[in-house]
Amino acid sequence: MTDSQKGLAGVTAADTALSRIDGEEGRLFYCGYDIHPLAEQGSFGESLYLLWYGELPSRMALTVFEGLLAGERRLPAEVESVLRALPPETAPMAALLTAVSVLGQIDADGPNNGFQADIEKAGRIVSMIPVCVAAHHRLRLGLDPIEPDPDLSLAEDLLRMLTGERPDDVASKALDKTLLLYLDHGLNASTFACRVVASTLADLYAAICAGVAALSGPLHGGANEQAMRMLDAIGSVDRVDAYLDRELGANRKIMGFGHRVYRVEDPRASHLRRMAEELDGLHGEPGTYELARAVEQAMFARKGLYCNVDYYCASVYRSLGVPLDLFTPLFAVGRAGGWAAHVMEQHRDNRLIRPRARYTGADERPYVRIDQRND
Ligand code: CMC
């Protein structure tokens with residue numbers, strides 16, 4: 001492996017008909033549809049349908065699809081009791097990983113990898129992940145989980161299950177749009193993890209567990225939480241330069257900036273920047289947007305780096321009143337639909353994903369019995 005291939009950079013490792021990224025032009029497509037009109041005029045449910053069935057739904061098809069998913073929005077007793085047993089300090093992404101694993105154990109179709117079983121399980125997973133995220137959050141606060149309401153959209157219900165209050169239209173639509181923007185993105189690390197697991201013919205739940213685990217890291221989904229922590233640490237526009245001097249001087253990464261594929265701005269970032277500006281101060285003090293914009297401009301001036309999807313999503317989630325450590329679980333709520341689509345694609349046309357490693361260790365040497373080794 002050459003140094004330039006480290007991290008599989010530039011390596012094409014799967015065929016997909018789901019999303020296409022043009023990193024040079026800064027464009028993203030779901031099944032051939034540009035992300036911009038989807039984000040401006042579409043919805044998360046519609047984009048999810050598109051990824052799973054390959055076509056945009058009619059109004060009737062979307063109503064039926066969303067109705068079916070809403071009917072699956074529940075918290076199984078087995079999951080609730082496991083979440084209750086977790087230590088209160090359990091990180092929400094770790095709790096989610098546990099919950100998805102339990103969901104797999106109680107689904108009678110768990111090990112069935114047929115298309116019909118997979119798509120029904122996918123519906124259950126996408127519907128129950130937000131319930132699990134909200135339930136764990138309530139439980140760690142010493143509160144009981146709030147029952148899902150199938151009459152509400154997934155985004156509206158998720159905010160209600162977290163806070164106990166029904167959100168207004170602005171907040172629900174904003175969350176819905178972030179879920180749409182997070183839905184799928186080529187062979188990112190968590191999606192690749194899902195496909196590797198699915199390629200062993202392990203089931204959808206096992207594959208989604210791999211996706212949740214991969215997403216939790218700060219170089220991937222964890223970046224939205226870390227970006228907000230950074231803005232909180234900087235605190236005000238006049239401290240941006242000193243912060244960047246120190247961090248970049250110490251060769252540390254600035255969270256929410258840079259991308260493996262995009263050479264220009266991440267097309268999702270423009271929607272999130274606009275939303276961050278519009279929603280600034282909806283919850284808490286205004287000013288997050290101004291600060292985020294100052295960091296963005298300073299990063300471009302110093303490093304020529306653009307922000308990625310996670311950067312302004314952090315400001316949006318702050319404005320929606322989402323607790324910091326739930327930023328990445330909300331990413332998982334959106335991305336779960338993409339993971340499921342990739343697992344179904346892998347199961348439909350499978351070959352074991354099994355690359356090779358270049359060996360860089362010791363040359364062959366004779367084994368020495370333990371009683372003959374020097375202390
Ligand atoms: N801050 C400072 N320098 C950076 C950053 C950053 N965020 N990102 C890249 N660079 C520099 C890096 O130091 C390197 O410079 P040089 O060539 O002088 O050594 C150059 O840019 C290339 O960086 P790299 O780490 O080799 O690039 P990569 O393709 O391996 O990594 C990345 C991509 C996203 C992991 C990286 O940009 C990064 O760590 N960003 C911060 C974490 C982050 O925001 N992750 C979210 C990614 S996008 C959405 C998602 O998946 O959640």
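We're numbering straight along the sequence, starting at 1. When a ligand or atom number is given, it counts from 1 through the structure's own listing order.
Between Phe300 and Tyr306, the ring centre distance stays below 6.0 Å. Between His36 and Phe29, the ring centre distance reaches or exceeds 6.0 Å. Annotation: His220 is not in aromatic contact with His185 [ring centroid separation under 6.0 Å not met].
Distance check for atom 1 (N) of ligand 1: a protein heavy atom is found below 4.0 Å. For atom 28 (P) of ligand 1, a protein non-hydrogen atom is found at a distance below 4.0 Å. Under the 4.0 Å distance rule, the nearest protein heavy atom to atom 42 (C) of ligand 1 falls inside the cut-off. In this structure, atom 16 (P) of ligand 1 has no protein heavy-atom contact shorter than 4.0 Å. For atom 20 (C) of ligand 1, the nearest protein heavy atom is 4.0 Å or more away. Within the 4.0 Å cut-off (strictly below), a protein heavy atom is located near atom 37 (O) of ligand 1. Atom 47 (C) of ligand 1 is flagged as protein-proximal [any protein heavy atom, distance under 4.0 Å]. Taking a distance limit of 4.0 Å, we find that atom 7 (N) of ligand 1 is approached by some protein heavy atom.
In this structure, the protein non-hydrogen atom closest to atom 23 (O) of ligand 1 is Lys253 CE, 4.4 Å. Given atom 34 (C) of ligand 1, the protein heavy atom at minimum distance is Gly258 O, 3.8 Å. Remark: minimum distance from atom 40 (N) of ligand 1 to any protein heavy atom is reached at Phe257 O, 2.8 Å.
The minimum heavy-atom distance between Tyr30 and Leu181, with the atom names listed, is OH-O, 3.5 Å. Looking at every heavy atom in both residues, Glu296 comes nearest to Tyr312 through OE1-OH, 2.6 Å. Closest approach of Ile353 and Arg195 over heavy atoms only: CD1-O, 3.6 Å.
Listed by number with element, the atoms of ligand 1 under 4.0 Å from a non-hydrogen atom of Asp310 are 46 (C), 49 (C), 50 (C), 52 (O). Near His259, the atoms of ligand 1 lying under 4.0 angstrom from a non-hydrogen atom of the residue are 37 (O), 48 (S). The ligand atoms of ligand 1 that sit less than 4.0 angstrom from a heavy atom of Lys303 are 3 (N). The Ala223 neighbourhood of ligand 1 comprises atoms 43 (C), 44 (O), 45 (N), 46 (C), with distances under 4.0 Å to a heavy atom of that residue. Heavy-atom proximity to Gly256, at under 4.0 Å, picks out these atoms of ligand 1: 43 (C), 44 (O). Atoms of ligand 1 lying under 4.0 Å from at least one heavy atom of Arg260, given by number and element, are 28 (P), 29 (O), 30 (O), 33 (C). Those atoms of ligand 1 with a heavy atom of Gly221 less than 4.0 angstrom away are 52 (O).
Below 3.5 Å of separation, one finds no N or O of Met299 facing any N or O of ligand 1. At a 3.5 angstrom cut-off on N or O pairs, Val309 does not count as close to ligand 1. Between Leu305 and ligand 1, no pair of N/O atoms sits closer than 3.5 Å. Among the atoms of Leu248, none of the N or O lies under 3.5 angstrom from an N or O of ligand 1. An N or O contact shorter than 3.5 Å is missing between Arg252 and ligand 1 by distance. Where the criterion is an N or O separation shorter than 3.5 Å, residue side chain and backbone included, Arg268 fails it with respect to ligand 1.
In this structure, the side chains of Met255 and Asp310 stay at 4.5 Å or more apart for every pair of heavy atoms. With contacts defined as side-chain heavy-atom distances shorter than 4.5 Å, the pair Leu248/Ile254 qualifies. Contact check for Asp149 versus Arg73: no side-chain heavy atoms found under the 4.5 Å cut-off.
The hydrophobic clustering, which links ILVMFWY residues whose side-chain heavy atoms are closer than 4.5 Å, places Val197 and Leu215 apart. No single ILVMFWY cluster, assembled from side-chain heavy atoms under 4.5 Å apart, contains both Leu96 and Leu143. Under the 4.5 Å side-chain heavy-atom criterion for ILVMFWY residues, a single connected hydrophobic cluster contains both Met299 and Val237.
In the candidate list Asn251, Asn224, Asp266, Leu219, Leu219 is nearest to atom 35 (C) of ligand 1, counting heavy atoms. Nearest to atom 51 (O) of ligand 1 by heavy-atom distance, out of Gln226, His220, Glu247, is His220.
At least one heavy atom of Phe331 lies less than 4.0 angstrom from ligand 1.
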### Message
Test side chain to side chain donor-acceptor pair (under 3.5 Å) on Asn188 and Thr191; report intermediate values, then the result.
### Response
CA-CA 5 Å; Asn188 58 86; Thr191 300; 2.9 Å; yes
### Query
Does the pair Asp232 and Arg229 meet the rule for a salt bridge (charged side-chain N to carboxylate O under 4.0 Å, His left out), with working shown?
CA-CA 5 Å; Asp232 286 342; Arg229 288 193 187 281; over 6 Å; no
### Query
How far apart are the C-alpha atoms of Glu156 and Arg166, what are their side-chain angles, what is the distance that settles it, and do they pass the salt bridge (charged side-chain N to carboxylate O under 4.0 Å, His left out) test?
CA-CA 7 Å; Glu156 189 176 9; Arg166 199 168 161 174; 2.9 Å; yes
### Worked verdict on Glu247 versus Arg252 for salt bridge (charged side-chain N to carboxylate O under 4.0 Å, His left out)
CA-CA 5 Å; Glu247 294 299 302; Arg252 281 193 284 267; 2.8 Å; yes
